[in-house]
Asker: 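Could you have a look at this structure, given as structure tokens, before my questions?
Side-chain atoms are counted along with the backbone in the values below, which use heavy atoms only and exclude waters and symmetry mates. Naming convention: chains lettered A, B, ... in sequence-line order (proteins, then strands); numbering from 1 in each chain.
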There are 2 protein chains.
Amino acid sequence: MTSPREPLTRDRIIDTALHIVDGQGLGRLTMRRLGDALQVEAMAIYHHLPRGKEELLDGLIAHVAALPAAWPRPANGTRPAAGDWRAHLRSWGGAYRARLLDHAGVLPLLMTRRNPTALAETTASLREVLRMAGFLDAAAATGAHTILGYVIGHAALEARATAARRPDDPEEAVDWDHRFAAGLDVVLAGLLTLP
Amino acid sequence: MTSPREPLTRDRIIDTALHIVDGQGLGRLTMRRLGDALQVEAMAIYHHLPRGKEELLDGLIAHVAALPAAWPRPANGTRPAAGDWRAHLRSWGGAYRARLLDHAGVLPLLMTRRNPTALAETTASLREVLRMAGFLDAAAATGAHTILGYVIGHAALEARATAARRPDDPEEAVDWDHRFAAGLDVVLAGLLTLP
DNA sequence: ACCTGAACACCGTTCAAGT
DNA sequence: ACCTGAACACCGTTCAAGT
């Protein structure tokens, strides 16, 4: 698809790798296959990612995991309405879930590999949203982990279930969109009980 | 440790594999290394697990994932006290989290592989506990997924964070026990808002 | 029935060599 | 600076052969 002599860059390598994972699964992401897709020998990749496949996988995580929940900057310096935080976290949760499911092959990496920066940014911004909503520091920290844990965990359950379902399998057709939203509402309602 | 001529069985293979994963990580679980640990050629394993490594990994999941939340059968036919369900789920959540963290290397498999029976049993028993506590069917289904999603997701966040932390790293010492319990309480409190 | 040995088609990565 | 080719030490798995 791309011109054969487009220069090899770190970004292009990671984008192509993500494309392979989304299309064929994590198990088929191979340095040799990645080289083929880039029209280059596999060994050329090491010039741009010296740490090799480790660095490649970390790049995939960073690309998928970092979706801050930062409040959209208020238009004219006004504070966001205090009651908005639940609606805001609902829409952030929906967006984050959608991204995780779009790149379901990266999910196991996201949960496993110690790539501290990737999730740290997201956690910090969740905490900040809760603090601006009036929660104390300790409650904001607990709440951020509760929300992120739920969103990631539920996305993983969904990815498992929908991947396993054969298209003609009529048993237990679950409305995952609704179930995720309902569960997120449970978590958000529970946050009100924090000290 | 075991006698060299102990017979090779499916259970012994899976136990030994789990031991390797717990001790050295999932990446070092190899058919050849597993054969060494069993004092047997790698190819002998295929005789007991015809589907090979696929079947081995499914066996690991089944061993770790299936922890039903079933209520301990009441002593003399009495129903468990209706108010007990939160305490019961709190203690079940603690036990499930502990098991997941004990076998953190299996976590990515648990979240990724389509081994329907493994988590189905746990989900069903969570649903049953909620139904016995008085929740309607739809609410029990939502609640079960919310709880399980939170527990698994939070365990994964913990496993990541604690694996990454160097022992002398003083930054941000988190009390994960407390944080998990507080988050689970958030979820359980939120369940009360379900219709 | 249960295990072995050799072989096949793959991996990730190193390293000297080309341009 | 950027890429290639050959090589090394590994994989999972098949298959014929041994007992």
Side-chain angles (χ1 to χ4, degrees), chain A residues 1-62 105-106 108-109 112-115, chain B residues 1-62 105-106 108-109 112-115:
Chain A
M1 301 302 165
T2 70
S3 145
R5 289 295 73 184
E6 203 163 339
L8 202 54
T9 65
R10 201 190 132 92
D11 279 352
R12 205 157 75 83
I13 292 171
I14 291 175
D15 274 7
T16 306
L18 191 58
H19 192 258
I20 292 177
V21 172
D22 291 342
Q24 314 182 239
L26 186 61
R28 291 185 58 82
L29 176 61
T30 276
M31 298 303 272
R32 285 167 157 94
R33 237 187 302 258
L34 181 55
D36 279 356
L38 291 163
Q39 314 219 42
V40 106
E41 292 298 314
M43 300 74 198
I45 298 169
Y46 289 81
H47 208 271
H48 300 264
L49 287 81
R51 270 175 44 249
K53 198 168 188 183
E54 296 280 301
E55 191 169 354
L56 178 65
L57 299 182
D58 282 343
L60 292 181
I61 296 175
V106 182
L109 298 178
T112 297
R113 294 177 63 78
R114 23 185 157 297
N115 185 352
Chain B
M1 302 301 166
T2 71
S3 144
R5 290 295 72 185
E6 202 162 340
L8 202 55
T9 65
R10 201 190 131 93
D11 278 353
R12 205 158 74 83
I13 292 171
I14 291 177
D15 274 7
T16 306
L18 191 59
H19 192 259
I20 292 177
V21 172
D22 290 343
Q24 315 182 239
L26 186 61
R28 291 185 59 81
L29 176 61
T30 277
M31 298 303 272
R32 285 167 158 94
R33 237 187 303 258
L34 180 55
D36 278 358
L38 291 163
Q39 314 219 44
V40 107
E41 292 299 311
M43 300 75 199
I45 298 169
Y46 289 80
H47 208 269
H48 301 265
L49 287 79
R51 271 175 43 249
K53 198 167 188 183
E54 297 280 302
E55 191 168 355
L56 178 65
L57 298 182
D58 283 343
L60 292 180
I61 297 175
V106 182
L109 298 178
T112 297
R113 294 177 63 79
R114 23 186 158 296
N115 186 352

Asker: May I ask you to say what B:Met43 touches in the nucleic acid, namely base, sugar-phosphate or nothing, with a heavy-atom cut-off under 4.0 Å?
Answerer: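 Touches a base.
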Asker: For C:dA7, what is the paired nucleotide under Watson-Crick or G-U wobble rules, both distances under 3.5 Å?
Answerer: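 Partner of C:dA7: D:dT13.
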Asker: Is there a donor-acceptor pair closer than 3.5 Å between any side-chain N or O of B:Arg113 and the backbone N or O of B:Leu57?
Answerer: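 Checked: no pair found.
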Asker: Rounded to the nearest angstrom, tell me the gap between atom CZ in B:Arg28 and atom C1' in C:dG12.
Answerer: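 After rounding, the reported distance stands at 15 Å.
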Asker: D:dC3 P sits how many Å from A:Asp36 CG, rounded?
Answerer: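 For the pair A:Asp36 CG and D:dC3 P, the rounded distance is 15 Å.
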Asker: Looking at C:dT19, which nucleotide sits across from it as a Watson-Crick or G-U wobble partner, both distances under 3.5 angstrom, or is there none?
Answerer: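 Paired with C:dT19, as far as the under-3.5 Å criterion goes, is D:dA1.
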Asker: Using whole Å, what does the distance between atom P of nucleotide D:dG12 and atom CG of B:Leu34 come to?
Answerer: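 Rounded to whole Å, this separation is 9 Å.
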Asker: Evaluate the side-chain proximity of B:Leu109 to B:Asp58: yes if any heavy-atom separation is below 4.5 Å, no if none is.
Answerer: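 They are not in side-chain contact.
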Asker: Kindly say if B:His48 contacts the phosphate of C:dC3, meaning a side-chain N or O under 4.0 Å from OP1 or OP2.
Answerer: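 For C:dC3, OP1 or OP2 has a side-chain N or O of B:His48 closer than 4.0 Å.
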Asker: Provide, to the nearest angstrom, the distance between the CD atom belonging to A:Glu41 and the P atom belonging to D:dT4.
Answerer: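 Rounded to whole Å, this separation is 5 Å.
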Asker: Can you check the A:Leu8 CG to D:dC2 P distance for me, whole Å?
Answerer: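 Those two atoms, CG and P, are 10 Å apart.
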Asker: Counting side-chain heavy atoms from CB outward, which of C:dT4, C:dG12, D:dC11 is closest to A:Lys53?
Answerer: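 Nucleotide nearest to A:Lys53's side chain: C:dG12.
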Asker: A:Met31 has an atom CE; how far is it from atom P of D:dC8, in whole Å?
Answerer: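 Value for this atom pair: 21 Å.
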Asker: To check you understand the geometry: which heavy-atom pair defines the closest contact between A:Gly59 and A:Ile14, and what is its length?
Answerer: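 Shortest heavy-atom separation between A:Gly59 and A:Ile14 comes out as CA-CD1, 3.7 Å.
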Asker: Quick one: A:His47 NE2 to C:dA17 C1', roughly how many Å, whole number?
Answerer: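 Roughly 13 Å, once rounded to whole Å.
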Asker: Need one value for A:Ile45: base, sugar-phosphate or nothing, where a base atom within 4.0 Å counts as base even if backbone is also close, heavy atoms only.
Answerer: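 If one applies the 4.0 Å heavy-atom cut-off, A:Ile45 turns out to touch nothing in the nucleic acid.
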Asker: Nearest nucleotide by nearest heavy atom, which residue falls closer to the 5' end of DNA chain C, A:Arg32 or B:Ala44?
Answerer: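 It is B:Ala44, whose closest nucleotide lies nearer the 5' terminus.
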Asker: Looking across every strand, which nucleic acid part, if any, lies under 4.0 Å from B:Arg33 by heavy atom: base, sugar-phosphate, or nothing?
Answerer: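 Sugar-phosphate contact only.
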Asker: Does a side-chain heavy-atom distance below 4.5 Å link B:Met31 with B:Leu56?
Answerer: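 Heavy-atom side-chain distance check passes, below 4.5 Å.
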Asker: Any non-hydrogen side-chain atom of A:Thr30 less than 4.5 Å from a side-chain atom of A:Ile20?
Answerer: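 Not touching, per the 4.5 Å side-chain cut-off.
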Asker: Take the protein atom CG of A:Leu49 and the nucleotide atom P of C:dG12, then report the distance between them rounded to whole Å.
Answerer: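 So the CG-P distance, A:Leu49 to C:dG12, works out to 13 Å.
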